Amino acid sequence: MHELSLVMSIIEISEAKAREHRAVSIRTIKVRLGEFTSVAREALAFSFEVARRGTLAEHATLEIEDVPLVVRCAACGSVARPAGDICLLCLDCGLPLRVISGEELQIEYIELD
Amino acid sequence: MDRVPVQASILQANQEEATKNRTLFDREGSVAINLMSSPGSGKTSILESTIRLLKGSYRTGVIEGDLQTSLDAERIRALGVPSHQINTGTVCHLDARMVARALEEFPIAGLDLLFIENIGNLICPSSYYLGEHWRVIVCSVVEGADKPKKYPVMFNKADVVILNKMDLIEQSGADLQTLSRNVREVSPRARIFALSCRTGEGMGGWLEWLREVTGRRLSATSAKAGA
């Protein structure tokens, strides 16, 4: 359960940005959360409810965009979206697949008042 | 209402701190290894037998991470190797800042090899880069062959996967072939070493790998010093 510390980073980074823009409060924080990270969406949302108190994000909405795991074979170019029983070897040629999305832990933007 | 782009990694602060740790490791010529596993798979025991077998070859140090107690650091110190204990209290992983603080009190000058033993946990530690050169994951064969499939993110980031407790393979009925295949499927590039740190079986390959990465670093450092 490291989502609380991640949420504290989200708020810290967002507050710094909001202060740069002399905002009085943050209305929205938009993050992209990769499927191939060890981060649980619900735990992130719950932690945000707790951690935002007393910050510029006290009344903010945390928008979470889920980014699916997508892999590509560097050899044959085949693209797949593995789910459940994850195998990162290409089914067509047996070579290792490269993760091209799904590892995102990114703050996209904030909306300010 | 103003929309302001941020485009920053949530782990940005950790990443910056980890980069500083890495710079320090590189400056001192120390190879840093982040050792991770679930609780009880034998990280500290592997370190003990590795230290015994390497003794005299390399100057080794260990940073130990646990929620409570300094028992692991004491086990390492008993072998005559410097060690430092980080107690995280309730935090389920080490982060780069904790390691940076430890490095203030634990000088690594002169160490060839620095092991950082992470908190026993196959989830959270995978998110936090500590500045290490290599990630080594230990999975004991008795944990079940499906472990890598249950924790693919953690295993995917490994440079080396050690399959420990090979001495229990028969009694436990563990399926080494399936376990190895599952490691390969989630972490196609990892080196796999099946061993028993208790009996010493299979330790040769792991020690050879350590010699390889440490030797490479040592020759790079001496080349720089000579330049």
Side-chain angles (χ1 to χ4, degrees), chain A residues 1-14 16-18 20-23 25-40 43-44 69 71 73 82-91 94-99 102-113, chain B residues 1-17 36 38 67 88-98 118-119 121-129 137 145-158 178 180-191:
Chain A
M1 173 60 189
H2 58 313
E3 283 78 1
L4 183 58
S5 70
L6 294 178
V7 150
M8 285 161 75
S9 300
I10 292 172
I11 293 174
E12 206 176 295
I13 294 166
S14 303
K17 201 67 164 176
E20 263 177 41
H21 290 262
R22 301 179 191 284
S25 69
I26 302 170
R27 184 173 291 191
T28 311
I29 302 176
K30 164 76 185 294
V31 299
R32 301 183 78 222
L33 172 60
E35 182 188 355
F36 203 55
T37 61
S38 300
V39 180
L44 203 66
L69 172 61
V71 293
C73 178
D85 182 5
I86 288 174
C87 176
L88 299 175
L89 291 171
C90 181
L91 291 174
L95 289 169
L97 294 164
R98 190 181 310 151
V99 174
E103 293 184 312
E104 293 78 359
L105 279 172
Q106 182 89 3
I107 307 178
E108 281 285 285
Y109 60 78
I110 52 175
E111 288 174 339
L112 304 172
D113 283 321
Chain B
M1 184 180 9
D2 288 339
R3 178 178 286 190
V4 177
V6 181
Q7 298 293 348
S9 164
I10 295 170
L11 291 163
Q12 170 186 286
N14 185 75
Q15 191 67 29
E16 285 164 9
E17 203 65 56
M36 300 184 277
S38 50
L67 271 67
T88 61
T90 55
V91 179
C92 52
H93 58 269
L94 292 181
D95 65 29
R97 212 172 292 177
M98 295 177 200
N118 218 310
I119 310 294
N121 178 346
L122 285 177
I123 309 164
C124 313
S126 70
S127 298
Y128 295 88
Y129 172 49
I137 295 182
D146 46 10
K147 206 81 193 242
K149 290 284 179 153
K150 290 178 175 169
Y151 301 90
V153 178
M154 174 61 96
F155 279 86
N156 179 251
K157 297 282 175 289
T178 306
S180 304
R181 193 185 63 233
N182 286 341
V183 171
R184 185 62 58 223
E185 287 188 2
V186 295
S187 190
R189 290 181 181 83
R191 298 279 295 272

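Only a predicted model underlies this, so the values are computations on that prediction, with no experimental measurement involved. Lettering of chains follows the sequences in order, A, B, ..., and the numbering in each one begins at 1. Values below: all heavy atoms of this structure, side chains included; hydrogens, waters and symmetry mates excluded.
- Side-chain contact between A:H2 and B:N121: absent, with no pair of heavy atoms (C-beta onward) separated by less than 4.5 Å.
- For the pair A:L6/B:L11, a side-chain contact is recorded, criterion being any heavy-atom separation below 4.5 Å from C-beta on.
- Atoms CG and CG, on A:D85 and B:D146 in that order, are 10.0 Å from each other to the nearest 0.5 Å.
- In this structure, A:H21 and B:V4 approach most closely via the heavy-atom pair NE2-CG1, 3.4 Å.
- Atom CG of A:L95 has more than 12 heavy atoms from other residues, nucleotides or ligands within 6.0 Å.
- Open room surrounds CZ on B:R97; 12 or fewer heavy atoms of other groups in view lie less than 6.0 Å from it.
- In this structure the side chain of A:S38 never reaches within 4.5 angstrom of the side chain of B:Y151, judged on heavy atoms.
- Of all non-hydrogen atoms in B:I10 and A:S9, the two that sit nearest each other are O-CB, 3.3 Å.
- The heavy-atom pair separating A:S5 from B:Y128 by the smallest distance is OG-OH, 2.9 Å.
- By the 4.5 Å heavy-atom criterion applied to side chains, A:E103 and B:K157 are counted as neighbours.
- The NZ atom of A:K17 sits 9.5 Å away from atom CD of B:Q7, with the distance rounded to the nearest 0.5 Å.
- Only the side chain of B:N156 comes within contact range of chain A, with heavy atoms under 4.5 Å apart.
- Heavy atoms closer than 4.5 Å to chain A are found in both the backbone and the side chain of B:S9.
- Interatomic distance, A:I86 CD1 to B:K149 NZ, rounded to the nearest 0.5 Å: 8.0 Å.
- Using a 4.5 Å cut-off between heavy atoms, A:I13 touches chain B through its side chain atoms alone.
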